[in-house]
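Each chain gets a letter, A, B and so on, in the order the sequences are listed, and its residues count up from 1. Quantities reported herein were computed from a predicted structural model and do not represent experimental measurements.
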Protein chains: 2
Amino acid sequence: MSHSLTDLPDDPPPAADSPTAIAQWVADVLRERIVKGTYAPGSRLVERRISAELELSRTPVREALKLLHQDGLIEISRNRGAQVLRCTAEDALRLFDVIAALESLAAERLAAVITPAQLDDLEDMHARMLTYHKVGSHADYFDTNSEIHEFIVESCGNPIVQDARGRLMARARQGRFMAIHSPERLAQSVQEHEALMQALRARDAGAAALVWRQHLLHTGDSLAAMLDSD
Amino acid sequence: MSHSLTDLPDDPPPAADSPTAIAQWVADVLRERIVKGTYAPGSRLVERRISAELELSRTPVREALKLLHQDGLIEISRNRGAQVLRCTAEDALRLFDVIAALESLAAERLAAVITPAQLDDLEDMHARMLTYHKVGSHADYFDTNSEIHEFIVESCGNPIVQDARGRLMARARQGRFMAIHSPERLAQSVQEHEALMQALRARDAGAAALVWRQHLLHTGDSLAAMLDSD
DNA sequence: TCAAGGGATATGGCATCCCATTTTGCCCAG
DNA sequence: CTGGGCAAAATGGGATGCCATATCCCTTGA
């Protein structure tokens with residue numbers, strides 16, 4: 001087992017102030033561990049073991065596992081426990097084919113309704129991202145990058161897009177942090193972000209949709225290539 | 001209460017041959033009732049009541065309610081039970097904005113890889129649909145229509161599209177069967193189906209994507225108008 | 001008559017027990 | 001040494017009990 005009882009829940013048990021909060025919290029803990037690789041793909045998540053470690057009963061753990069299953073992160077088989085699914089290169093391509101469609105829709109809709117304030121926020125994030133890129137501060141670059149993507153999906157006016165995209169991204173994040181691409185891909189990515197900003201400034205919904213879809217398809221290709229090279 | 005113990009589960013309890021089958025079955029029963037309107041929007045689904053009626057314990061019912069919640073069909077609040085959410089016109093627009101993006105993607109991908117056999121299947125369904133339309137057999141028309149949409153999403157080569165689309169459609173179906181549109185809309189819809197067939201015959205992915213997206217956006221508009229007129 | 005307070009009831013969340021099935025490991029026969 | 005079979009342990013699923021809290025109704029006082 002890869003973690004002792006000492007690195008326990010990090011957070012204290014989150015006092016059940018809201019309904020189903022415990023199961024949600026358990027799901028978050030497990031999701032984090034899956035994403036960070038603490039639970040390797042293929043490893044088995046046993047209800048009784050987790051409930052003992054987190055010092056609660058099996059019921060919320062069961063619910064959490066069900067949640068993770070619906071998110072596509074694990075497979076649950078009877079008497080064999082939950083197993084972390086591996087995200088293959090092919091999975092990444094399929095995932096980003098859909099994510100591209102969703103985020104493209106978000107960009108398209110946002111371009112049509114974007115407010116000056118929202119544009120300012122985006123300009124700010126965009127500028128920060130460019131700086132981090134120049135400086136070579138990868139972690140900050142990726143954070144800001146994610147921030148921009150999240151912002152677009154949040155601001156597009158359709159929460160359903162955000163919800164669907166969130167679930168898909170959880171699966172994609174599994175394993176690597178979608179980190180470090182090649183310098184060329186990085187440069188291309190920055191360029192695509194710049195193109196989106198131009199489309200948004202011009203309120204050109206069609207262009208925004210096109211640019212952003214290509215950006216995400218490229219991201220998918222890049223991630224798939226990375227997963228393949230393992 | 002709108003149903004007695006005599007119109008029980010319709011199906012016999014589904015023998016737990018596969019794992020989690022019971023919860024899944026309960027979810028199916030409840031979903032059907034929500035879609036058919038047996039449970040009106042706003043009505044409360046009480047764990048204990050349902051478990052008593054279906055003659056099983058609260059556990060699978062509870063899981064089923066969680067599933068329905070993740071599908072966006074119900075809201076669960078502590079001590080207030082699960083309540084069926086109402087699908088408003090605005091919801092329909094948002095839903096179909098996303099569904100349009102997904103099915104458009106499916107059509108685009110399918111056009112690129114469609115086999116002669118698949119095209120034959122589609123031609124067959126399409127012809128049947130046209131016949132039903134001419135004859136005015138609405139139920140058959142809608143069935144075949146759904147069949148075509150399902151087929152496209154299934155055959156596009158990306159199961160993630162199918163999954164995401166399925167969840168969204170469950171919410172859209174809530175209430176009316178998405179039934180009866182105006183004659184003009186019906187004619188337009190048929191025309192759009194015909195346009196898709198042409199694009200698929202030509203293996204023109206771009207045209208297929210465009211046509212199909214418009215078709216679904218129109219469907220969303222139509223449904224929203226219907227919901228609004230209530 | 002109406003409003004406010006209190007208690008009974010309803011309800012979902014968590015813990016725990018039991019069961020069916022699968023997995024695992026061991027022992028013995030060949 | 002190997003393979004098969006059997007028993008014990010492991011494991012998830014379902015059932016049930018208890019608890020905290022929200023809801024609802026009835027009572028009571030102004």
> Taking atom C1' of C:dC14 as reference, at what distance in whole Å does atom CD of A:Glu47 sit?
Replying inline: 14 Å
> Which one, D:dG12, C:dA15, C:dC14, comes nearest to the side chain of A:Glu63?
Replying inline: C:dC14
> With the threshold set at 4.0 Å, does a side-chain nitrogen-carboxylate oxygen contact exist between B:Arg109 and A:Asp97?
Replying inline: yes
> How long is the line joining CZ of B:Arg44 and C1' of C:dT11, in whole Å?
Replying inline: 8 Å
>> Is there a side-chain contact between A:Thr59 and the phosphate of C:dC14, meaning an N or O under 4.0 Å from OP1 or OP2?
In response: no
> D:dG14 P sits how many Å from B:Gln24 CD, rounded?
Replying inline: 11 Å
>> Below the 4.0 Å mark, does C:dA15 have OP1 or OP2 next to a side-chain nitrogen or oxygen of A:Ser57?
In response: yes
> Base, sugar-phosphate, or nothing: which does B:Leu65 touch, judged by heavy atoms less than 4.0 Å apart?
Replying inline: nothing
> Is the shortest side-chain N to carboxylate O distance from B:Glu154 to B:Arg165 below 4.0 Å?
Replying inline: no
>> For C:dT23 and A:Arg80 - does any side-chain N or O of the residue sit under 4.0 Å from the phosphate oxygens OP1/OP2?
In response: yes
> From the list D:dC24, D:dA15, D:dT16, which nucleotide is the closest neighbour of the side chain of B:Arg58?
Replying inline: D:dT16
>> Could you check whether B:Glu53 pairs with B:Arg33 (Lys NZ or Arg NE/NH1/NH2 to Asp/Glu carboxylate O, under 4.0 Å)?
In response: yes
> Can you check the B:Arg48 CZ to D:dA15 P distance for me, whole Å?
Replying inline: 14 Å
> Can you tell me how far P of C:dG12 sits from CD1 of A:Ile22, to the nearest Å?
Replying inline: 17 Å
>> Please report the distance, rounded to the nearest Å, between CZ in A:Arg78 and C1' in D:dT11.
In response: 9 Å
> In whole angstrom, what separates A:Leu54's CG from C:dC14's P?
Replying inline: 13 Å
> Are B:Arg62 and C:dC14 close enough that a side-chain N or O sits under 4.0 Å from OP1 or OP2?
Replying inline: yes
>> So if I apply the side chain to side chain donor-acceptor pair (under 3.5 Å) rule between A:Thr219 and each of A:Arg185, A:Gln214, A:Glu103, which one comes out positive?
In response: A:Arg185
>> Can you see whether B:Ser146 engages B:Asp143 through a side-chain donor-acceptor pair at a distance of less than 3.5 angstrom?
In response: no
>> Please report the distance, rounded to the nearest Å, between NZ in B:Lys66 and C1' in C:dG12.
In response: 9 Å
> Considering only heavy atoms and no angle criterion, is a donor-acceptor pair shorter than 3.5 Å present between the side chain of B:Asn79 and the base of D:dT21?
Replying inline: yes
